[in-house]
**Student:** 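Mind having a look at this structure? Questions to follow.
Numbered from 1 within each chain, the chains take letters A, B, ... in sequence-line order.
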There are 2 protein chains.
Amino acid sequence: MFKTAKFNRISQNIVQQIRQAILKGDLQPGHRLPPEKELAENFGVSKASLREAFRALEALGLLEVRQGVSGGAFICEVDLETARNNIVNYIFFQNPSIREFTQLRIILEPAISRLAAAKVKDEQLAAIEENLNEAKIELDSGSFSYELDIDFHRRIADITENSLIHLVIDSMQSALVNIKKLIDPDYDFSLKVYHAHVRIFDALRSRNPDKAAEEMLRHVKEVGDGLTAFCDPKNPCAPSEKN
Amino acid sequence: MFKTAKFNRISQNIVQQIRQAILKGDLQPGHRLPPEKELAENFGVSKASLREAFRALEALGLLEVRQGVSGGAFICEVDLETARNNIVNYIFFQNPSIREFTQLRIILEPAISRLAAAKVKDEQLAAIEENLNEAKIELDSGSFSYELDIDFHRRIADITENSLIHLVIDSMQSALVNIKKLIDPDYDFSLKVYHAHVRIFDALRSRNPDKAAEEMLRHVKEVGDGLTAFCDPKNPCAPSEKN
DNA sequence: AAACATTAAAACATCTGATGTTTTAATATT
DNA sequence: AATATTAAAACATCAGATGTTTTAATGTTT
């Protein structure tokens, strides 16, 4: 009838109280909590329990504890890296197939490119061009930078100035890299990626939404096919095969 | 030149070691770590530090610690709730506008409905119909259930059998509810939502992808406009106005 | 006055060991 | 066979001692 109340720990209780206070707006980023000793007395718990709660809140990205005379426990905004890491952890266990990644990317990325082409600014184009220049250097030296690849897609997502789109693209790209690293693409693959990126960039530069969407769709499909080709089609890229 | 190495804590060190072992596949869900005392000796740290690491790993959803004779610290899969909570925390601070939510939903949800209409099974339709029946009861009693609303969209996303799509829709809906709750929609709004859901259901039942996408698009836009109408157009739904 | 070095205190980090609580496997009883 | 009891494994919590980091305040030099 009722959910089993899973945690009955003091630390968990404190975590919930502080998280709720943050979500209610009572505790705002930058706010410094009282010193350990004092706060422990407030809560009526030992220092050890309070510290366990602090570690959990830090893991959630809601708190930062610093040593030193003007240190202490500070409320902070959850940053992108924390959110992304958690998503990547979750996706790791879900172990989605290339097909699933590609299906979602086909929905998202062409539409995002379309939006981006309609409002991209010159300095944003310049930043993407710089990305392509670096990618070209990597390519010519026979290597492939996952970071640059992620960065290309992230920059396009950023043009929308939509924090939700930013989070989704950033997280999906990060999770996808873990698969790509298992596969270790060859030169031919890297070349295709580079050329596709250039075509997408050209579409953005000419502020052509349809073209930008079309080229991104082609790119995402090509990458999906390319990655699938490297995998066992029946059990695509299962990490259980690593051992 | 270098990133400041933020954490130098023993507990953080242990968290990273265990997380890496999980991501490497060396520690799998269900695995029980040695007892506190023994593991603390292994790591060469005190029990207190080890316990702080455990609390952080629990917050990340990677560990579950149970008391009792056959208890201990067990590796576990990150569950949806943990991932969702973290995303909701992040989005809370980003405080995206209704416009941003709607922009992403317009990209995602019609496309997902299209996919769903092409492969929906009878029992999935029955489950959605049941959702609508419950929503009708709520509506007739003059109330509105956010849970049922989320559930409707989640069920459609589930039809795709894509865990990434599932995560994204689930998280976005959960984050959006926090905004809706601030607004407290009136009867007219609830009625519109219900009718839109019925139209989407009809499209799914007739296995009509285009129609399903079209109705979902109309619904998402309608909700976006409806929510915006309730908000200050210059500063949409900023939680700073709660006080 | 500005730049630099020193110092001391605030606040967290870690360890140790004692005591309490929960859970369940094993045992005993009916 | 079902039920009740018990004991031990393993975590939960606490108290207090000691160590380390950080920086504001102070002092010194140029």
**Student:** Parallel, tilted or perpendicular: which one describes the rings of A:His197 and A:Phe152, with boundaries at 30° and 60°?
**Tutor:**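 Correct class here is parallel.
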
**Student:** Could you tell me the separation between the NZ atom of B:Lys37 and the P atom of D:dA9, rounded to a whole number of Å?
**Tutor:**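 Nearest whole value for this atom pair: 12 Å.
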
**Student:** Kindly point out which of C:dC15, D:dT13, C:dA13 is positioned nearest to the side chain of B:Ser49?
**Tutor:**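 Between C:dC15, D:dT13, C:dA13, the one nearest the side chain of B:Ser49 would be C:dC15.
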
**Student:** Salt-bridge test for B:Glu64 and B:Arg66: reply yes if a basic N is under 4.0 Å from a carboxylate O, no otherwise.
**Tutor:**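 Salt bridge present between B:Glu64 and B:Arg66.
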
**Student:** Looking across every strand, which nucleic acid part, if any, lies under 4.0 Å from B:Lys47 by heavy atom: base, sugar-phosphate, or nothing?
**Tutor:**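 B:Lys47: base contact, heavy atoms under 4.0 Å.
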
**Student:** Report the distance from atom CD of B:Glu41 to atom C1' of C:dC15, rounded to the nearest whole Å.
**Tutor:**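 It works out to 13 Å between those atoms.
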
**Student:** Of the listed nucleotides (D:dT13, C:dC15, C:dC12), which one gets closest to any side-chain atom of A:Pro35?
**Tutor:**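 In terms of side-chain proximity for A:Pro35, the closest of D:dT13, C:dC15, C:dC12 is C:dC12.
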
**Student:** What is the distance, to the nearest angstrom, from the CG atom on B:Leu39 to the P atom on D:dC11?
**Tutor:**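 After rounding, the gap between these two atoms is 9 Å.
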
**Student:** Could you give the CZ-to-P distance, from B:Arg51 to C:dC15, as a whole number of Å?
**Tutor:**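 After rounding, the gap between these two atoms is 14 Å.
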
**Student:** Once you round it to whole Å, what is the distance between P of C:dC12 and CD of A:Glu52?
**Tutor:**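 Distance, rounded to whole Å: 16 Å.
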
**Student:** Would you mind reading off the distance between A:Glu64 atom CD and C:dA13 atom P, rounded to a whole angstrom?
**Tutor:**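 Rounded to the whole Å, the gap is 11 Å.
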
**Student:** Please name all residues satisfying salt bridge (charged side-chain N to carboxylate O under 4.0 Å, His left out) with A:Arg32, sequence neighbours left out, ordered by chain then number.
**Tutor:**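 With sequence neighbours excluded, A:Arg32 shows a salt bridge (charged side-chain N to carboxylate O under 4.0 Å, His left out) to no residue whatsoever.
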
**Student:** Scan residues 51-61 of chain B for pairs that pass salt bridge (Lys or Arg N to Asp or Glu O under 4.0 Å), counting only residues two or more places apart or in two chains.
**Tutor:**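 Non-adjacent pairs meeting salt bridge (Lys or Arg N to Asp or Glu O under 4.0 Å): A:Arg9-B:Glu58, A:Arg51-B:Glu52, A:Glu52-B:Arg51, A:Glu52-B:Arg55, A:Arg55-B:Glu52, B:Glu36-B:Arg51, B:Arg55-B:Glu58.
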
**Student:** Among D:dC14, D:dA12, C:dT14, which is the nearest nucleotide to the side chain of B:Ile10?
**Tutor:**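 For B:Ile10, the side-chain atoms sit closest to C:dT14.
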
**Student:** For A:Gly44 and for B:Phe54, locate the closest nucleotide of DNA chain D by heavy-atom distance; then report the residue assigned to the nucleotide nearer the 5' terminus.
**Tutor:**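 Residue closer to the 5' terminus by nearest nucleotide: B:Phe54.
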
**Student:** Using the side chain to side chain contact (heavy atoms under 4.5 Å, CB included) rule, take B:Leu60 and A:Asn85 through it: C-alpha gap first, then chi angles, then the decisive distance, then the call.
**Tutor:** CA-CA 9 Å; B:Leu60 297 177; A:Asn85 280 343; over 6 Å; no

**Student:** Could you identify which residues of residues 65-74 of chain B place a heavy atom less than 4.0 Å from some atom of DNA chain C, listed by residue number, or say none?
**Tutor:**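 Contacts with DNA chain C under 4.0 Å: B:Gln67, B:Gly68, B:Val69, B:Ser70.
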
**Student:** Picking from C:dT16, D:dA12, C:dA13, which would you name as closest to the side chain of B:Ser46?
**Tutor:**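 Shortest atom-to-atom distance from the side chain points to C:dT16.
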
**Student:** Using 4.0 Å as the upper bound for N to carboxylate O, is an ion pair formed by A:Asp151 and A:Arg155?
**Tutor:**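 A:Asp151 and A:Arg155: salt-bridged.
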
**Student:** Rounded to the nearest Å, what distance is computed from the CD atom of residue A:Glu36 to the C1' atom of nucleotide D:dG16?
**Tutor:**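 To the nearest whole Å, that distance equals 14 Å.
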
**Student:** Within the 3.5 Å criterion, strictly below it, is a donor on B:Ser145 or B:Glu138 matched to an acceptor on the partner's side chain?
**Tutor:**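 The answer is no; no qualifying pair exists.
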
**Student:** From CG of B:Asn8 over to C1' of D:dT22, roughly how many Å is that when rounded to an integer?
**Tutor:**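 Distance, rounded to whole Å: 14 Å.
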
**Student:** Check every strand shown and say whether A:Arg9 touches a base, only sugar-phosphate, or nothing at a heavy-atom separation below 4.0 Å.
**Tutor:**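 Since only primed, P, OP1 and OP2 atoms lie under 4.0 Å of A:Arg9, the category is sugar-phosphate.
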
